[in-house]
Amino acid sequence: MRLEGKVALITGAASGIGQAIALRFAAEGAHVVINYHPGGKHSGEEVREEIARRKQSSITVPANVAQRGEVEDMFQQVLKEFGRLDIAVNNAGIEFKKPFIDVTDEEWHKVIGVNLFGSFLVSRAAARQMVKQG
């Protein structure tokens with residue numbers, strides 16, 4: 001239980017690699033914040049239920065990490081529930097499974113928005129909170 005009492009936010013944690021990270025952090029004793037895209041096909045409830053079966057605490061928080069306001073709201077929820085944040089994992093990411101030459105400008109902007117700008121927004125908000133916590 002190396003992470004006992006720590007609060008960990010994992011973006012894109014409702015499925016895939018993010019889900020595996022969330023479950024491992026819970027197994028190590030962390031309180032887990034399961035972020036998911038509000039318009040996605042996974043809500044994070046399955047992950048939350050699995051963490052609860054392991055007798056660990058978690059919450060699900062919808063937020064499009066490419067949207068500053070949604071990231072700020074997500075952090076308010078984290079602080080309301082747990083009062084702190086110790087770990088942030090930028091796992092959320094998107095891709096378009098098609099040949100590169102067929103990717104539209106709009107699709108590319110979505111990729112950059114989530115994969116790059118989203119990581120920046122979450123990391124900056126996490127760093128600001130961590131500085132406040134000392």
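Please read these numbers as outputs of a predicted model, since none were measured by experiment.
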inquiry  = For F96 versus E107, what's the shortest heavy-atom pair and its separation?
reply    = CE1-O, 3.3 Å
task = May I ask you to say whether E28 pairs ionically with K6, meaning some side-chain N is under 4.0 Å from a carboxylate O?
result = no
query = Hey, are the side chains of I10 and V33 touching, using non-hydrogen atoms and a 4.5 Å cut-off?
reply = no
key: Single hit among I59, L79, V78 for side chain to side chain contact (heavy atoms under 4.5 Å, CB included) with V7   = V78
query = Given Q129 and Q133, is the side-chain hydrogen bond (donor to acceptor under 3.5 Å, both in side chains) satisfied, shown in steps?
reply = CA-CA 6 Å; Q129 180 58 36; Q133 293 168 196; 3.0 Å; yes
remark   = Here the pair of heavy atoms bringing R84 nearest to D86 is NH2-OD1, 2.6 Å
note = In terms of heavy-atom contacts, M130 and L85 come closest through CG-O, 3.7 Å
message = For the CD atom on E49, are there more than 12 heavy atoms of other groups (residues, nucleotides or ligands in this structure) within a distance under 6.0 Å?
response = yes
request  = Check A14 against Y36 and note the closest heavy-atom contact, atom names and distance.
outcome  = CB-CB, 3.7 Å
remark   = Of all heavy-atom pairs linking A63 and N35, the shortest is O-ND2, 3.2 Å
query = Counting only N and O atoms by type, is there a donor-acceptor contact under 3.5 Å from the side chain of N64 to the main-chain atoms of H37?
reply = no
ask   = Any chance CZ of R24 has more than 12 other-residue heavy atoms, nucleotides or ligands included, within less than 6.0 Å?
value = no
Over 12 non-hydrogen atoms of neighbours within 6.0 angstrom of CG in D102 = yes
request  = To the nearest 0.5 angstrom, please state how far the CD atom of Q56 sits from the CG atom of L23.
outcome  = 11.5 Å
Flag, side chain of S119 to backbone of N90, donor-acceptor distance under 3.5 Å = no
task = Go through the steps for R124 and R68 under the test side chain to side chain contact (heavy atoms under 4.5 Å, CB included), then give the verdict.
result = CA-CA 11 Å; R124 183 178 63 183; R68 179 181 289 111; 3.4 Å; yes
key: E45/R48 salt bridge by N-O under 4.0 Å criterion   = yes
task = Would you indicate whether R2, at its atom CZ, is surrounded by more than 12 heavy atoms from other residues, nucleotides or ligands within a distance under 6.0 Å?
result = no
